[in-house]
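Each remark here refers to the structure printed beneath this line.
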Amino acid sequence: MEIQAAILHYCKYQERCHSEVRNKLYELGFTTPEVEEQISKLIETGVINEERYAKAFAGGRFRMKQWGREKIRQQLKLHKISDYCIKKAMQEIPEEEYIRTLKKLLNKKLVEIRADRSEASRKAKLYRYLVQKGYENSLVMSAIKESAIKE
């Protein structure tokens, strides 16, 4: 019973995905059949919900870390979240805010690399930075073109 209280606290402290809970149960010494039984109980009672987790994860990573959709999608796949839940999570990110954040990051980085001599070097650094943050190639390229980087 004490272990059930611990796992319940673990799940209620913050949103958790099935794989995180499964790993925690194995850490606590549960066997595979016990783990599956506990997971199904937690799902039935609504304590863990993959769609809710995916939405919270995507919204948080976008707002707090300013990650792009590609990086968020990749991280959700690492957490073994279904494609359906990932798709729902991506809908949580408003398009206008997404583009505004991309441009804000571009301008911030542009100030940092202002001293670079060539336009090509600045564009390459901007491109690498924004793609590394998880923004889509096409959006990054059009944002760089719009910013009209001059030598």
Side-chain angles (χ1 to χ4, degrees), residues 6-28 30 32 35-36 38-40 42-151:
I7 202 67
L8 201 58
H9 174 72
Y10 177 74
C11 293
K12 289 194 174 197
Y13 176 71
Q14 73 180 40
E15 285 295 335
R16 306 283 182 183
C17 66
H18 298 179
S19 63
E20 288 174 333
V21 175
R22 186 172 277 111
N23 290 341
K24 186 67 170 179
L25 287 167
Y26 282 124
E27 279 178 31
L28 293 171
F30 281 84
T32 302
V35 167
E36 295 310 318
Q38 288 296 321
I39 295 278
S40 63
L42 291 169
I43 292 169
E44 284 173 22
T45 57
V47 175
I48 58 175
N49 179 317
E50 268 197 354
E51 187 175 331
R52 194 174 61 214
Y53 170 80
K55 287 178 177 181
F57 183 91
R61 290 305 190 275
F62 172 68
R63 281 188 300 282
M64 303 303 282
K65 294 187 175 187
Q66 298 173 330
W67 284 4
R69 288 189 192 110
E70 293 301 314
K71 191 167 187 173
I72 293 169
R73 186 175 287 116
Q74 183 182 42
Q75 290 299 310
L76 286 171
K77 282 185 185 275
L78 283 176
H79 287 273
K80 300 179 177 104
I81 304 298
S82 70
D83 288 338
Y84 171 80
C85 291
I86 292 173
K87 189 176 177 183
K88 285 289 199 182
M90 293 299 115
Q91 293 171 355
E92 290 295 299
I93 302 171
E95 190 65 28
E96 287 177 15
E97 193 177 340
Y98 188 73
I99 299 298
R100 193 170 43 248
T101 302
L102 170 64
K103 288 179 180 177
K104 185 177 92 178
L105 287 171
L106 182 137
N107 291 328
K108 181 179 159 195
K109 188 68 174 176
L110 199 51
V111 169
E112 289 176 22
I113 62 173
R114 177 177 50 219
D116 277 11
R117 295 214 182 274
S118 74
E119 177 185 351
S121 171
R122 287 193 301 268
K123 282 183 177 181
K125 285 182 179 182
L126 282 170
Y127 177 80
R128 278 194 308 270
Y129 173 71
L130 293 170
V131 168
Q132 173 264 323
K133 289 289 272 183
Y135 291 88
E136 296 87 337
N137 292 337
S138 58
L139 287 175
V140 170
M141 293 304 288
S142 64
I144 290 173
K145 281 181 187 170
E146 275 181 33
S147 72
I149 300 170
K150 300 290 181 228
E151 284 193 57

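Start at 1 with the first residue, then count along the sequence. Small disclaimer: the values here were computed from a predicted structure and weren't measured.
- What you find for Leu106 and Ser147 is that their closest heavy atoms are CD2-CB, 3.6 Å.
- When atom types are taken as modelled, the side chain of Ser121 and the backbone of Ser118 share no donor-acceptor pair closer than 3.5 angstrom.
- Nearest heavy-atom pair across Cys17 and Ile81 is CB-CD1, 3.7 Å.
- The nearest pair of heavy atoms linking Gly46 to Arg52 is O-NH2, 3.0 Å.
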Derivation of the side-chain contact (heavy atoms from CB on, under 4.5 Å) call for Leu25 and Ile39: CA-CA 9 Å; Leu25 287 167; Ile39 295 278; 4.1 Å; yes
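- We find that Arg73 and Glu70 are joined by a salt bridge, their nearest charged nitrogen and carboxylate oxygen being less than 4.0 Å apart.
- Not a single donor-acceptor pair under 3.5 Å links the side chain of Lys71 to the backbone N or O of Gln66.
- No more than 12 heavy atoms of other residues, nucleotides or ligands lie within 6.0 Å of CD in Glu96, so this atom counts as exposed by the packing criterion.
- The two residues Tyr53 and Arg16 make their nearest non-hydrogen contact at CD1-C, 3.5 Å.
- Residues satisfying the salt bridge (Lys or Arg N to Asp or Glu O under 4.0 Å) test with Glu20, not counting sequence neighbours, are none.
- Taking OG1 of Thr101 as the reference point, atom CG of Leu130 lies at 11.5 Å (rounded to 0.5 Å).
- Considering every non-hydrogen atom in both Val21 and Tyr10, the closest pair reads CA-CE2, 4.3 Å.
- Salt bridge Glu112/Lys108: absent, no basic N to carboxylate O contact under 4.0 Å.
- At least one donor-acceptor pair under 3.5 Å links the side chain of Ser19 to the backbone N or O of His79.
- Ile86 is not listed as a side-chain neighbour of Ile72, based on a closest heavy-atom distance of 4.5 Å or more.
- Taking the side chain as every heavy atom from C-beta outward, Gln38 and Leu28 never approach each other to under 4.5 Å.
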- Message: Go through it in stages, so that I can follow the logic: the residues are Glu36 and Arg22, the test is salt bridge (charged side-chain N to carboxylate O under 4.0 Å, His left out), and I'd like the CA-CA distance, side-chain angles, deciding distance and then a yes or no.
- Response: CA-CA 8 Å; Glu36 295 310 318; Arg22 186 172 277 111; 3.2 Å; yes
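- Both the sub-6.0 Å distance and the 45° axial angle are satisfied by Arg69 relative to the ring of Tyr98.
- Between Lys103 and Glu146 a salt bridge is recorded (basic side-chain N to carboxylate O distance below 4.0 Å).
- We find the CG-CD1 distance between Leu42 and Ile48 to be 5.0 Å, quoted to the nearest 0.5 Å.
- Taking OH of Tyr13 as the start and CG of Leu8 as the end, the distance is 15.5 Å to the nearest 0.5 Å.
- Pairing each heavy atom of Ala54 with each of Cys85, the nearest pair is CB-O, 3.7 Å.
- Side-chain contact between Tyr129 and Ile113 is absent, with no heavy atoms from C-beta onward closer than 4.5 Å.
- Classification of the Trp67-Phe57 ring pair by plane angle, with boundaries at 30° and 60°, yields perpendicular.
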